[in-house]
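Both counts, for ligands and for their atoms, begin at 1 and track the order of listing. Nothing here was measured: the structure is a model prediction, and the numbers come from that model.
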Amino acid sequence: MQAYDLLVVGGGINGAAVARDAAGRGLSVCLVEAGDPAGATSGASSKLIHGGLRYLEQYAFGLVRESLRERTIMLRIAPHLTRPCRFVLPLHKGMRPAWMVQLGLWLYDKLGGQDVLPDATRIRLDDGSDWAAPLRPGFKEGFLYFDVQVDDARLVILTLRDAEAHGADILTRTRFLGAHRDTAQDGIWQCRLQPEDATQATQTVLARAVVNAAGPWVSRVLDTFSEMREQPQPGVQLVRGSHVVVPRCYAGEHAYTLQNEDGRVVFLLPFHEHWTLIGTTDVRTELPDRAEDAPQASIEEINYLCHAASRYLNHPVTEDQIAWTYAGLRPLYDDGKANPSAVTRDYRLVLDKTDGAPLLSVFGGKLTTHRHLAEVVMDRLAPWFPHLGETWTADTPLPGGDSDGHDFSAATAEFFQTHGNLPEAVTQGLWQRHGTLAFELLENVRAAADLGQDFGAGLTELEALHFIRHEWAHSADDILWRRSKAGLMMSTEQRARFIEWFQQHGRKQ
Ligand SMILES: Cc1cc2nc3c(=O)[nH]c(=O)nc-3n(C[C@H](O)[C@H](O)[C@H](O)COP(=O)(O)OP(=O)(O)OC[C@H]3O[C@@H](n4cnc5c(N)ncnc54)[C@H](O)[C@@H]3O)c2cc1C
């Protein structure tokens, strides 16, 4: 029977980060993911690495400080996946007063410490500035501040690839069924795993520790441990958040932070050159029976988001413009707050160490704090692993974020110069998704013909095969909507052609 130091349940950002951290510190690690990595909450976020300005209203200063520190680290270790973005926050009568917003932004800058991003400034919106161009007339002033956009699904995939590069076994499409402590072997966990492929039998592996990072399913996974059923468990509040994507509603690379009538904040975010991402909502909800049943944006949420954007924009956003919607479930640690927007976005780690190997469960958390969360997880498990290596992830770039000691922008320039003869959509897409790994992908490519079929929207056969062989892609959707967003950019015919190619060629890989 295969034995590991650590078994991680869940291939969202938190599980991936724990697997990477632990593998790099010398533990033997296995991660199991029931579906596709980032197929649940971690691929359905607002795609921001941010302090969370509004958490200041909840006095969550510690969370904001930690998040802003992580923002600086992520810009450094994942320059290919992150992008600093200016946020325009128009002031609106009846909403938070200017002094309160100014104080919040001042604090935001202070908590950011030695941050690389510029401080917030107060701006006029009635002087014909570009910031005001898409807004209805009447806005007099606002604020400009910085946060960071990220490709959430790529962040998960590349974190997993790094875990694998450090020796972790990554088993996707494999469900964790349950575990019990083997009293004959010092209480080590015997874990049962079920591959999705029905032709494969249930496997049993041993683990000296288990981390339950199953996101919305954290309590359900906890219930599968026979020892845990009798013990009181912390609660999880599930809060659905939806987004809509529409053709770009304004020119420019900036975002808008809009205060809505109900006091909530809705973002307008630039998304993949030609689109605007609008989100999000907070709707308390129930857990779907199966992890693979993706939550959907409801009609009410779609109307809410269109209405929130239209209150501010010259040209209203209407339902018929919507090209794509997605929704995710926030697995929030239940702190007893009735208003879903007020429930803490911080995480809690719950450690069970009764009579044997430890089990640690992750409740809540943000995409932004995943790397630090993993460090804290390993600190908690350190007593069981006396030979655990030093912390390392804050200074080590994710795959593709390394420019060999050179400036990343110099590596970017070199890439586009070297491959200037290839279609621009292809090189742009490769660089954004893979960073410096794109050099390797194009190692044997001399001309466009070497890329194989061009499926449109910058997706080629060469990259699709890479997703299948090296990034665990099992279906056309895994590629069209997660590893790339080509699905959004393609025509119906192009998507159909890719799905057909995948059915013929993808499965053989
Ligand atoms: C709408 C929305 C917007 C958000 N925006 C932001 C943002 O902009 N910035 C930010 O910092 N945070 C944001 N968040 C929060 C952030 O996305 C989540 O906190 C984070 O993605 C949670 O990651 P996770 O790994 O814990 O869970 P998940 O990503 O849900 O991963 C859990 C995984 O466990 C797997 N699993 C479950 N059961 C089993 C089993 N039995 N066996 C094997 N695998 C199993 C699931 O398939 C799933 O892939 C947002 C959340 C939502 C919902």
Novice: Taking a cutoff of less than 4.0 Å between a non-hydrogen atom of the residue and any ligand atom, is I13 in contact with ligand 1?
Specialist: yes
Novice: Which one holds for T280 and ligand 1: side chain close, backbone close, both close, or neither close, with close meaning a heavy atom under 4.0 Å?
Specialist: side chain
Novice: Could you list the atoms of ligand 1 found under 4.0 angstrom from a heavy atom of V221?
Specialist: 38 (N), 41 (N)
Novice: Evaluate the ring planes of H254 and Y250, with Trp represented by its six-membered ring, and classify them as parallel (under 30°), tilted (30 to 60°) or perpendicular (over 60°).
Specialist: tilted
Novice: Which option, S42, P216, G215, owns the non-hydrogen atom nearest atom 22 (C) of ligand 1?
Specialist: S42
Novice: Does the structure place the NZ or CZ of K366 under 6.0 Å from the centre of the six-membered ring of Y333, at an angle of no more than 45° from the ring's axis?
Specialist: no
Novice: Is it the case that over 12 heavy atoms from other parts of the model lie below 6.0 angstrom from the CH2 atom of W392?
Specialist: yes
Novice: Surrounding CZ of R248 (heavy atoms of other residues, nucleotides or ligands, distance under 6.0 Å), is the total greater than 12?
Specialist: yes
Novice: For ligand 1, which atoms, with element, lie under 4.0 Å from some heavy atom of A40?
Specialist: 30 (O), 48 (C), 49 (O)
Novice: Counting heavy atoms only, which part of A44 comes closer than 4.0 Å to ligand 1: side chain, backbone, both or neither?
Specialist: backbone
Novice: Under 4.0 Å between a Lys/Arg side-chain N and an Asp/Glu carboxylate O for R433 and E463?
Specialist: yes
Novice: Between A213 and ligand 1, which residue portion shows a heavy-atom distance shorter than 4.0 Å: side chain, backbone, both, or neither?
Specialist: backbone
Novice: Under 4.0 Å from any heavy atom of V32, which atoms of ligand 1 are there?
Specialist: 43 (C), 44 (N)
Novice: Show which atoms of ligand 1 fall inside a sub-4.0 Å distance from at least one heavy-atom site of A214.
Specialist: 32 (C), 34 (O), 37 (C), 38 (N)
Novice: Using a 3.5 Å cut-off on N or O atoms only, is F176 in polar contact with ligand 1?
Specialist: yes
Novice: I'd like to check which ligand 1 atoms, numbered from 1 as shown, lie under 4.0 Å from a non-hydrogen atom of G365.
Specialist: 18 (C), 19 (O)
Novice: Check each of S45, G364, G11, G279 against atom 14 (N) of ligand 1 and report the one with the nearest heavy atom.
Specialist: S45
Novice: Can you check whether W217 and F363 have ring centres sitting under 6.0 Å from each other?
Specialist: no
Novice: Looking only at heavy atoms, is any part of V9 under 4.0 Å from ligand 1, and if so is it the side chain, the backbone, or both, or is it neither?
Specialist: side chain
Novice: Show which atoms of ligand 1 fall inside a sub-4.0 Å distance from at least one heavy-atom site of K47.
Specialist: 8 (O)
Novice: Tell me, please: is H243 in heavy-atom contact with ligand 1, that is, under 4.0 Å?
Specialist: yes
Novice: Compute the minimum heavy-atom distance from H50 to ligand 1 and say whether it is under 4.0 Å.
Specialist: yes
Novice: F467 and H474: aromatic ring centres closer than 6.0 Å?
Specialist: no
Novice: Compute the centroid of each ring, for F87 and then for F267, and state whether the two points are separated by less than 6.0 Å.
Specialist: yes
Novice: Just which atoms of ligand 1 are under 4.0 Å from any heavy atom in S46?
Specialist: 3 (C), 4 (C), 5 (N), 6 (C), 8 (O)
Novice: Looking at E375 and R20, is there a salt bridge between them, counting it only when a charged N and a carboxylate O are closer than 4.0 Å?
Specialist: no
Novice: Once you measure the plane-to-plane angle for Y326 and H243, does it fall in the parallel (<30°), tilted (30-60°) or perpendicular (>60°) bin?
Specialist: parallel
Novice: Looking only at heavy atoms of T174, does any of them come nearer than 4.0 Å to an atom of ligand 1?
Specialist: yes
Novice: Would you sort out whether E301 and S298 count as a side chain to side chain donor-acceptor pair (under 3.5 Å), showing the intermediate values?
Specialist: CA-CA 5 Å; E301 287 170 283; S298 68; 3.1 Å; yes
Novice: Would a line drawn from the ring center of W275 to the ring center of W324 be shorter than 6.0 Å?
Specialist: no
Novice: Is there a nitrogen or oxygen of T368 sitting under 3.5 Å from a nitrogen or oxygen of ligand 1?
Specialist: yes
Novice: Any idea which part of W217 is under 4.0 Å from ligand 1, heavy-atom wise: side chain, backbone, both or neither?
Specialist: side chain
Novice: Less than 4.0 Å between a side-chain N and a carboxylate O, is that true for D352 and R181?
Specialist: yes
Novice: What I want to know is whether A34 and ligand 1 share at least one N or O pair that is separated by under 3.5 angstrom.
Specialist: yes
Novice: Could you list which atoms of ligand 1 come closer than 4.0 Å to a heavy atom of G241?
Specialist: 1 (C)
